[in-house]
Structures are given as structure tokens and as C-alpha cells.
Amino acid sequence: MIGRLNHVAIAVPDLEASAAQYRDTLGAQVGPPLDQPDHGVTVVFIDLPNTKIELLHPLGDASPVAAFLERNPSGGIHHICYEVDDIGAAAARLRAGGARVLGDGTPRIGAHGKPVLFLHPKDFNGCLIELEQI
Ligand SMILES: CC[C@H](C(=O)O)C(=O)SCCNC(=O)CCNC(=O)[C@H](O)C(C)(C)COP(=O)(O)OP(=O)(O)OC[C@H]1O[C@@H](n2cnc3c(N)ncnc32)[C@H](O)[C@@H]1OP(=O)(O)O
Ligand SMILES: [Co+2]
């Protein structure tokens, strides 16, 4: 069911500084900051040969990333995103297996313009999982 690793997301307290570190210190291909108000984040994508890094910073008052940064003030790995062919079928299979699909369970459009869902970290060894339909 899950396919390629689409991205690894890192929540950061200072988006500009982290983007500069990946660009200048790590020599990576760093994209522009993109506001994603529907998700309560500003994201910066970093293209790697085999996947992407998504830098995340809270946007607005109800950001799901704000609580994470309160717990982890210097930032940290926030989630990993796997690709799936059919996000509806994947969600149904996961629910049938007892996993919690977050939100109201309806896929939302993510940063790549594709439907995404999130799975509760406590059901997956403390790892927040995002599924993106490709
Ligand atoms: C533009 C979209 C973009 C894309 O790629 O397309 C994105 O990726 S948007 C990313 C931001 N959106 C989300 O993260 C949506 C899903 N997240 C949530 O619904 C919440 O953040 C949730 C439910 C995962 C956590 O909520 P909250 O921070 O309020 O914490 P809780 O008290 O409910 O936490 C319960 C328990 O889980 C631990 N926790 C929380 N967040 C994470 C995490 N990212 N990774 C691992 N563990 C996490 C938290 O510490 C609690 O553990 P406990 O042992 O009970 O203290
Ligand atoms: Co993501």
C-alpha cells in the first residue's frame, strides 16, 4: 500500500535561518517559503536526489505545529510522508486495522496540490505519518 517516501518534515523555530542553513551550509536546492493557511503552516521544500525535506513553521493562531514547537523549542522531525495510489482505500484499510485517521477523515489538499491525510503518531511508534495520493 505505501509507496515512495515523499518527504520528511522538520518543524523549525526560524524558517529563514533553517532554509539558509540547508542552502548555504548543506548546499541543498531550497525552494521559497509557501504559506499554507488551510494547514496552519508556512513550508519550505528542499529537493534531494531521492526525496524531499519539508521545513515547517507555524502560520496563524491555530497551527498544529505550534504545540509541537512548544514541546520541542529547537525544532525536530515532525512527520514523514508516504505516497499512496488511492488515499480513500488506504484510509479505509487503516481504519479497519484500528489506526486513527486524524481530522474528520476527509482528505485535504496538501502542499503539492494532492490529497493528504494524517495518521496518529501513537499508532505508529510515535511517528506522525502523512499519506499523499500521487
Ligand atoms: C501543507 C500541508 C503539508 C504537506 O506536506 O502537504 C503538511 O505536512 S501540514 C503539517 C501540519 N499538519 C499536521 O500536522 C496535521 C496533523 N497533526 C495533528 O492533527 C496534531 O498535530 C496531532 C494530533 C498529531 C498532535 O496534536 P497536539 O500537538 O495537540 O498533541 P497531542 O497532545 O494531541 O499529542 C498526543 C501525543 O502525540 C505526541 N505528538 C504530537 N505531535 C507529534 C508528532 N509530530 N510526532 C510525534 N509525536 C507527536 C504528543 O507528544 C503526545 O504524546 P504524549 O506521549 O501523550 O505526550
Ligand atoms: Co507534509
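All ligand and atom numbering here is 1-based and tracks the order in the structure.
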Element-labelled atoms of ligand 1 that are located less than 4.0 Å from some non-hydrogen atom of [X]:
X	answer
H7	5 (O)
G110	6 (O)
A67	28 (O)
F68	43 (C), 44 (N)
Q36	1 (C)

For atom 36 (C) of ligand 1, which candidate among K122, R71, E130 holds the nearest heavy atom?
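When every heavy atom of K122, R71, E130 is considered, K122 comes closest to atom 36 (C) of ligand 1.
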
Within-cutoff protein neighbour (heavy atom, under 4.0 Å) for [atom]:
atom	answer
atom 41 (N) of ligand 1	yes
atom 1 (C) of ligand 1	yes
atom 25 (C) of ligand 1	no
atom 31 (P) of ligand 1	no
atom 54 (O) of ligand 1	yes

Is a side-chain donor or acceptor of E83 paired with a backbone partner of I134 at a separation under 3.5 angstrom?
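Here the side-chain-to-backbone pair does not exist.
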
How many angstroms lie between CG in D14 and CD in Q21, if you round to the nearest 0.5 Å?
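Interatomic distance, D14 CG to Q21 CD, rounded to 0.5 Å: 10.0 Å.
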
Nearest-0.5 Å distance that lies between atom OG1 in T51 and atom CD1 in I46
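If I round to the nearest 0.5 Å, the distance is 11.5 Å.
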
Metal check, the Co ion (ligand 2) vs E132 N/O/S, cut-off below 2.8 Å:
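No N, O or S atom of E132 is closer than 2.8 Å to the Co ion (ligand 2), so no.
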
Under 2.8 Å: N/O/S of H79 next to the Co ion (ligand 2)
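So H79 does bind the Co ion (ligand 2) by this criterion.
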
Considering heavy atoms of the protein only, find what lies nearest to [atom] and give residue, atom and distance to 0.1 Å.
atom	result
atom 22 (C) of ligand 1	L102 CD1, 4.5 Å
atom 14 (O) of ligand 1	H78 CE1, 3.2 Å
atom 35 (C) of ligand 1	H120 CE1, 4.2 Å
atom 16 (C) of ligand 1	F118 CG, 3.6 Å
atom 5 (O) of ligand 1	E54 OE2, 2.7 Å
atom 48 (C) of ligand 1	P121 CG, 3.6 Å
atom 20 (C) of ligand 1	P64 CB, 4.4 Å

Output yes when the distance from some N or O of ligand 1 to some N or O of A111 is under 3.5 Å, and no in every other case.
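Yes; at least one N/O pair falls below 3.5 Å.
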
If two hydrophobic side chains count as joined below 4.5 Å and joins carry through other members, does [X] share a cluster with [Y]?
X	Y	answer
L59	V43	no
V41	I80	no
L128	Y82	no

[atom1] ([X]) with more than 12 external heavy atoms under 6.0 Å:
X	atom1	value
D85	CG	no
D61	CG	no
I77	CD1	no
R93	CZ	no

Parallel, tilted or perpendicular: which one describes the rings of H78 and F68, with boundaries at 30° and 60°?
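Geometry flag for F68 against H78: perpendicular rings.
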
May I have the step-by-step check of side chain to side chain contact (heavy atoms under 4.5 Å, CB included) for N6 and H112, ending in yes or no?
CA-CA 10 Å; N6 182 276; H112 299 127; 3.3 Å; yes

Heavy atom of G126 under 4.0 Å from ligand 1?
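Yes, G126 has a heavy atom closer than 4.0 Å to ligand 1.
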
Measuring from the Co ion (ligand 2), name the closest N, O or S atom belonging to E130.
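Nearest N/O/S atom: OE1.
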
Only to 10 degrees, please: what angle do the OE1 atom of E54 and the NE2 atom of H7 make about the Co ion (ligand 2)?
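It rounds to 80°.
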
When you check the gap from the basic side-chain N to the acidic O, do K52 and D47 get nearer than 4.0 Å?
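Between D47 and K52 there is no salt bridge, as every charged N stays at least 4.0 Å from the carboxylate O atoms.
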
Quick one: closest heavy-atom pair of P33 and V44, and the distance?
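Where P33 meets V44 most closely, the heavy atoms are CA-CG2, 3.6 Å.
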
